[in-house]
Amino acid sequence: MFMKIFVSIIVLVAIGVGLGTQLPRDMLIKVIIFRDFFDAALPVLAFGALVKYLCTGCVKCESCHPAKSEDK
């Protein structure tokens, strides 16, 4: 449930920023500053996600690794 709300907020922000490009030039500065923030933040977030992916071990669950029967 939390993820659906989070994705909805991100989509609304993306639409808002996209529509913000239609603003007059003097108000467009705020959108450019917002864009510059993400230009700097996204590589850091991507690197963090890569490190987390590489350092996280495989969690064995029933859907990925079905339990073998004990009877042989």
Side-chain angles (χ1 to χ4, degrees):
M1 181 67 179
F2 173 73
M3 197 56 128
K4 289 182 181 180
I5 294 170
F6 179 71
V7 169
S8 299
I9 290 171
I10 295 298
V11 169
L12 290 175
V13 168
I15 291 171
V17 170
L19 293 175
T21 59
Q22 305 299 320
L23 294 172
R25 295 224 183 251
D26 58 337
M27 296 182 83
L28 196 59
I29 298 296
K30 293 180 182 178
V31 175
I32 292 171
I33 292 171
F34 186 71
R35 186 198 69 192
D36 289 342
F37 168 76
F38 281 104
D39 285 344
L42 285 178
V44 174
L45 291 173
F47 180 73
L50 176 65
V51 168
K52 181 181 180 227
Y53 172 74
L54 293 175
C55 294
T56 303
C58 178
V59 177
K60 295 190 178 198
C61 61
E62 292 296 320
S63 63
C64 296
H65 305 280
K68 294 181 180 178
S69 64
E70 298 286 326
D71 305 326
K72 289 186 179 181

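Keep in mind that the numbers below use all heavy atoms, side chains included, and drop hydrogens, waters and symmetry copies.
A search for side-chain contact (heavy atoms from CB on, under 4.5 Å) contacts involving Pro43 returns nothing, not counting sequence neighbours. Not counting sequence neighbours, the partners of Ile15 by the side-chain contact (heavy atoms from CB on, under 4.5 Å) test are Val11, Leu19. Under the side-chain contact (heavy atoms from CB on, under 4.5 Å) criterion, Phe6 pairs with Met3, Ile10, sequence neighbours left out. For Ile5, the side-chain contact (heavy atoms from CB on, under 4.5 Å) test picks out Met1, Ile9, with sequence neighbours left out.
Applying the salt bridge (charged side-chain N to carboxylate O under 4.0 Å, His left out) test to residues at least two apart or on different chains, the pairs with a partner in residues 38-53 are Arg35-Asp39. Residue pairs meeting the salt bridge (charged side-chain N to carboxylate O under 4.0 Å, His left out) criterion with at least one member in residues 1-24: none, sequence neighbours excluded.
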